[in-house]
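A short write-up of the structure that comes next.
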Amino acid sequence: MKRNIVIAVVTAAALVGGGTATALAVAGDDDDTTSVTRTDDDRDDRSEDRSDDRDGDDDDGAVRAAAGGVTAAEAITAALKHTPGTAVSAELDDGSWEVDVLAGGDTWHTVRIAPDSGKVLGAQKDDEDDAAEVRAALKGASVTAGDAAKAAAAKGTVVSVDLDDDGDDRGWKVETRASGGDERDWSVGLTTASVTADRDDD
């Protein structure tokens with residue numbers, strides 16, 4: 001009799017919940033009945049929770065990857081060892097460092113570096129047409145992208161370095177993240193490696 005009641009309750013729960021229910025019922029002649037019910041909806045919820053955890057905040061993922069492994073400056077060094085040229089930007093994105101290198105003949109390459117080992121994951125040639133502007137902006141510069149990353153590292157974990165070649169305010173733009181997720185933008189000079197707060201970051 002108790003077993004029939006449990007089965008009826010489980011069936012009703014499945015119909016009301018709109019999902020399939022799986023039940024385990026153990027009953028003796030005089031023992032209390034124990035049932036365990038799991039619905040498909042429960043599995044869907046857990047799956048969504050895990051997906052949210054994996055996707056998470058890209059900013060937090062960048063901090064964890066950079067803080068526990070290869071720095072921006074090290075990623076740039078590894079990329080230039082693989083593909084000689086001038087590093088113009090480096091960004092921790094989608095689980096790897098992506099370093100843009102302007103090589104000889106005005107050809108662009110994107111080199112991906114593993115953030116935990118510094119190994120080259122791959123490289124590809126890119127179709128960019130701003131080589132002349134970049135070379136003009138860097139003319140006379142003594143501070144490289146790697147130098148800028150090292151200089152800004154005192155401000156937090158560097159997650160991106162990029163050349164700003166527009167207008168008179170040329171220099172390296174560096175983004176740092178704190179362990180709490182706070183992000184800051186910095187400007188690093190092309191000749192002095194001085195680090196100042198980015199005026200656009202107010």
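Just so you know, these numbers use all the heavy atoms, side chains as well, and skip hydrogens, waters and symmetry mates.
The two residues A78 and V120 have their closest heavy-atom pair at O-CG2, 4.3 Å. The nearest pair of heavy atoms linking G146 to A73 is O-CB, 3.8 Å. For the residue pair S96 and P115, the shortest heavy atom distance occurs at CA-CD, 3.9 Å. Across all their heavy atoms, E74 and G69 have their closest contact at OE1-O, 4.1 Å. Across all their heavy atoms, R170 and A137 have their closest contact at NH1-CA, 3.6 Å. Pairing each heavy atom of A123 with each of H82, the nearest pair is CB-CE1, 3.7 Å.
Between R135 and D106 there is a salt bridge, since at least one side-chain N of the basic residue sits less than 4.0 Å from a carboxylate O of the acidic one. With salt bridges taken as basic N to acidic carboxylate O contacts below 4.0 Å, one links E175 and R177.
When side chains are defined from C-beta on, T110 counts as touching D100, because their heavy atoms get closer than 4.5 Å. Using a 4.5 Å heavy-atom threshold, the side chains of K125 and T107 count as touching. With a 4.5 Å cut-off on side-chain heavy atoms, L190 and L138 count as touching. Between V101 and T86, every side-chain heavy-atom pair lies at or beyond the 4.5 Å cut-off. Residues D162 and W172 have side chains not in contact (no heavy-atom distance under 4.5 Å, counting atoms from C-beta outward). V158 is not listed as a side-chain neighbour of W186, based on a closest heavy-atom distance of 4.5 Å or more.
Looking only at distances, a side-chain donor or acceptor of S142 sits under 3.5 Å from a matching main-chain atom of T191. Within the 3.5 Å criterion, the main-chain N or O of A79 finds no donor-acceptor partner in the side chain of W97.
Atoms NZ and CG, from K155 and D185 in turn, are 13.5 Å apart once rounded to the nearest 0.5 Å. The CG atom of D126 lies 12.0 Å from the CG atom of D129; values are rounded to the nearest 0.5 Å. Note that the OG atom of S89 and the CG atom of D164 stand 12.5 Å from one another [nearest 0.5 Å]. Annotation: the span from E98 atom CD to D93 atom CG amounts to 5.0 Å, rounded to 0.5 Å. One finds the CG atom of L92 at 11.5 Å from the CD1 atom of I113 (value rounded to the nearest 0.5 Å).
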